[in-house]
Amino acid sequence: MPELPEVETIKRELEPLLVGRKFAAVSVCDTKIVSPLTVEGFQAELVGQGIEYLRRRGKYLFLHLSSGKCLMVHLRMSGALLFDPPQPQSHVRLIFFLDNGSKLVLVDRRRLGVVSILDSEKPVENRLGPEPLEPDFTTTEFSRRLQGRKAPVKAVLLDQKVVAGIGNMYADEALFKARIHPLRPAGDLSPQEIQRLFSAIRSTLRSAIENKGASVDTYQRPGGEPGTAHFNFKVAHCGGEPCPKCGTPIQRLLIRNRGSYFCPTCQKD
DNA sequence: CATTGTCCCTGGAAGC
DNA sequence: TGCTTCCAGGGACAAT
């Protein structure tokens, strides 16, 4: 499930392969993914367009086109962008043919992924909070965004308007590292806890990027390789296993219908 | 505005 | 063995 580190990895690895290329043709294998555009409308926006640069914002990926518009891609749960896959793939939704004979294939087993053509990043930007690894994300800013919120801190971390790019796995990992129980009301955290969580979010995401993302489900990099970040997971998807710090079995509970993993000893209520 | 619940979607696992 | 049911979860959206 691509979260910030996975999308960042995909962006970095696709960048040298795509920038400077042109779209020669586009095959739409699943018309739902380009909705509300028609197949013809989607193709008309892309064919002949050059790819000038790539940008990631939260879990969104943008390919900026020579027309000034951009192709927005959100992979959601099961999407992947594969560059020149050697084997025929199942669940192919879109094929982008480039002017050098290469192709970029969007596969998405569960069909939750979203693709659209936008005039700018603005509509997405307006829905997102700060980038957790950029300088404008500070403890003061983070603290201000948690202020007064009564919802569980785990739920608030998943709110993309608070911080962009954190998903279920990295929220659990950051809370464990900061030793904070996922059900604590976000607005009740002490300044020390906010500082710990702030640092934990950043170090968890940075380390995951260094490890090229976590291949827990269907995530694969554009060349088909897995990431290795999941080998460092302490709690995420580790229900029943002993906590690496104290040996207590990792517990799982549902918060807003999201499976949440934590150590009941290290993360006190 | 903050918060909560529902829906989308499908392959694999679990249950009968 | 074969069928049905449940589950994973990001984010848009509606309701309160």
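Chain naming here is simple, since letters A, B, ... match the order of the sequence lines and numbering starts at 1 in each. These numbers come from the heavy atoms of this one structure, side chains and all, not from hydrogens, waters or symmetry mates.
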Scan A:Arg149 against the nucleic acid and name what it touches under 4.0 Å (heavy atoms): base, sugar-phosphate only, or nothing.
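Sugar-phosphate only.
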Give one of base, sugar-phosphate or nothing for A:Lys32, where a contact means two heavy atoms less than 4.0 Å apart.
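Sugar-phosphate contact only - A:Lys32 comes under 4.0 Å of backbone atoms but never of a base.
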Using 30° and 60° as the class limits, which term best fits the ring planes of A:His64 and A:Tyr53: parallel, tilted or perpendicular?
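Because their plane-to-plane angle is under 30°, the rings of A:His64 and A:Tyr53 count as parallel.
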A:Tyr261 and A:His237 aromatic ring geometry - parallel, tilted or perpendicular at 30°/60° bounds:
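Aromatic pair A:His237/A:Tyr261 classed tilted.
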Do you know which of A:Glu15, A:Glu121, A:Glu131 makes salt bridge (Lys or Arg N to Asp or Glu O under 4.0 Å) with A:Arg55?
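Answer after filtering A:Glu15, A:Glu121, A:Glu131: A:Glu121.
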How does each nucleotide of nucleotides 10-16 of chain C score, in 5' to 3' order, for protein heavy atoms under 4.0 Å: base (B), sugar-phosphate only (S), or none (-)?
BBS----
As a quick check of understanding, evaluate ring-ring contact (aromatic ring centres under 6.0 Å, His included) for A:Phe83 and A:Phe96, giving each step before the final call.
CA-CA 10 Å; A:Phe83 191 84; A:Phe96 302 97; over 10 Å; no
Ion pair A:Arg206/A:Glu210, N-O distance below 4.0 Å
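Answer for the salt bridge query: no.
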Residue from A:Gln49, A:Glu45, A:Met72 passing side-chain contact (heavy atoms from CB on, under 4.5 Å) with A:Ile117
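Single pass found, and it is A:Glu45.
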What pair of heavy atoms forms the shortest contact from A:Ala214 to A:Tyr219, and how long is it?
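Closest pair (atom of A:Ala214, atom of A:Tyr219, distance): O-CD2, 3.5 Å.
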Look only at the side chain of A:Arg221 and the backbone of A:Pro226, and say whether a donor-acceptor pair between them is shorter than 3.5 Å.
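Checked: pair present.
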More 5' along DNA chain B: A:Arg93 or A:Ala151, using each one's nearest nucleotide?
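Its nucleotide being nearer the 5' end, the pick is A:Ala151.
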Which comes earlier along DNA chain B counting from the 5' end, the contact point of A:Ala155 or that of A:Arg109, where each point is its nearest nucleotide?
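Nearer the 5' end of the strand: A:Ala155.
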Contact boundaries of DNA chain B with chain A (under 4.0 Å, heavy atoms), 5' to 3'?
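Terminal contacting nucleotides, 5' to 3': B:dT3 to B:dG11.
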